[in-house]
Amino acid sequence: MRTEGVCVRIPASTANLGPGFDTLGMALSIYAWIGMKASEATVIRLYGDQMEGIPTDKSNLVYQVAQMVFREAGVKVPELEIAMYSDIPLTRGLGSSASAIVGALFAANALIGSPLPETRLFDMATAIEDHPDNVGASLFGGLITAVWDGGHADYIRMDPHEDLEVLVVVPDFQLSTTEARKVLPAQIGRQDAVYNISRSSLLVAALSQGRLDMISKAMSDRLHQPYRAKLVPGMAEILEQAVDHGALGVALSGAGPTLLALVDRRSGRKEELEAYLVNTMKAEGIRASAHWLNPDCEGTQLIGSMPSGSFLELIKGEVNA
Ligand code: HSE
């Protein structure tokens with residue numbers, strides 16, 4: 001047991017990347033931090049306005065997930081001091097819940113000397129989330145392609161091409177994954193299945209070989225985006241036209257409502273693209289903020305002990321707050 005506690009940093013993530021529904025994910029350079037330490041009595045401190053309404057008793061997700069790790073490892077740590085801060089927008093399709101789950105698993109495991117391998121943490125995270133895309137990217141960083149058989153997730157991690165930059169446009173409304181999955185059909189036809197398998201395969205090949213020229217063709221989808229478009233005003237137009245404004249490719253980020261464009265960082269059209277995305281949503285009455293991000297290649301990292309003073313002090317310099 002690390003008596004000094006632990007502090008971990010977890011990246012945000014985007015899932016699907018268009019055609020890779022429930023299978024492709026990429027980690028992004030916005031972060032959450034979780035501190036954890038064994039204690040006499042459970043205390044959960046949440047920092048930042050975003051955390052309003054999140055429980056601070058033992059029903060808290062981070063506490064609950066940490067206890068799963070202790071049960072799995074056969075140890076008892078019933079009382080915990082937990083601190084959490086996140087820059088990842090909540091319920092916007094950037095993997096905020098996945099980051100909490102992965103961070104809780106990683107921190108709890110590190111606290112007791114890391115008895116569980118990361119592959120086991122991945123299986124546990126996927127079982128909680130139900131799909132491996134966000135949790136895999138947050139845990140391992142980079143680009144993840146993963147398959148899940150209901151008990152075990154197999155994956156391959158790739159480093160994104162160095163010229164890939166990411167522009168996300170985050171609307172000022174929330175959309176839960178549950179709601180965004182309810183609009184999807186239970187069955188799809190063979191033509192649509194082939195459409196997605198071919199694009200998803202092409203996208204993985206293009207990303208692994210740095211074929212940025214193929215991304216726009218590869219990022220289209222018929223499994224989920226056409227059905228979800230009605231939930232995000234402006235999305236249908238953006239998916240069709242963003243490439244004409246300088247994007248390499250564009251997709252709904254996870255279950256939305258954030259839209260994500262992959263961009264060649266050497267592009268001279270970044271301002272044009274950002275203005276096009278924000279203004280298209282504005283024309284639909286949706287306020288949205290644009291953020292330029294990089295793929296995160298490190299995944300979840302142990303960054304130190306649980307600070308004895310201010311939690312924000314430890315992560316200062318890294319947070320946007
Ligand atoms: N693959 C999932 C979906 C991601 O699109 O519903 C949600 O976070």
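Numbers for residues simply follow the sequence, beginning at 1. Counting convention: from 1, in listed order, for ligands and their atoms alike. Please read all numbers here as calculations on a predicted model, not as lab measurements. Side-chain atoms are counted along with the backbone in the values below, which use heavy atoms only and exclude waters and symmetry mates.
- Outside the 6.0 Å centre-distance limit, the rings of Tyr85 and Phe311 are not counted as a close aromatic pair.
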Subject >> Verdict with reasoning, Arg266 to Glu165, per salt bridge (Lys or Arg N to Asp or Glu O under 4.0 Å) >> reply: CA-CA 9 Å; Arg266 301 160 302 179; Glu165 202 173 347; over 6 Å; no

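- A cation-pi contact, defined as under 6.0 Å to the ring centre and within 45° of the axis, links Arg9 to Tyr31.
- For ligand 1, the atoms lying closer than 4.0 Å to a non-hydrogen atom of Asn16 are 1 (N), 3 (C), 5 (O).
- Distances from ligand 1 to the non-hydrogen atoms of Gln225 include no value under 4.0 Å.
- At a 4.0 Å cut-off, at least one heavy atom of Arg181 sits close enough to ligand 1 to count as contact.
- Protein heavy atom in closest approach to atom 8 (O) of ligand 1: Asn134 OD1, 2.8 Å.
- For ligand 1, the atoms lying closer than 4.0 Å to a non-hydrogen atom of Arg228 are 3 (C), 5 (O), 6 (O).
- In this structure a side-chain-to-backbone donor-acceptor pair under 3.5 Å is present from Arg92 to Phe173.
- Side chain of Asn16 to main chain of Gly18: no donor-acceptor pair is present (N/O by atom type, distance under 3.5 Å, no hydrogens or angles).
- Under 4.0 angstrom from ligand 1, the non-hydrogen atoms of Thr177 all belong to its side chain.
- Heavy-atom proximity to Phe21, at under 4.0 Å, picks out these atoms of ligand 1: 3 (C), 5 (O), 6 (O).
- Within the listing of ligand 1, atoms 1 (N), 2 (C), 3 (C) sit less than 4.0 angstrom from a heavy atom of Asp22.
- By the 3.5 Å distance cut-off applied to N or O atoms, Glu129 is not counted among the residues near ligand 1.
- Note on Phe140: it does not cluster hydrophobically with Leu24, by side-chain heavy-atom contacts below 4.5 Å among ILVMFWY residues.
- Relative to the six-membered ring of Tyr195, Arg199 meets both conditions, a distance below 6.0 Å and an angle of at most 45° to the axis.
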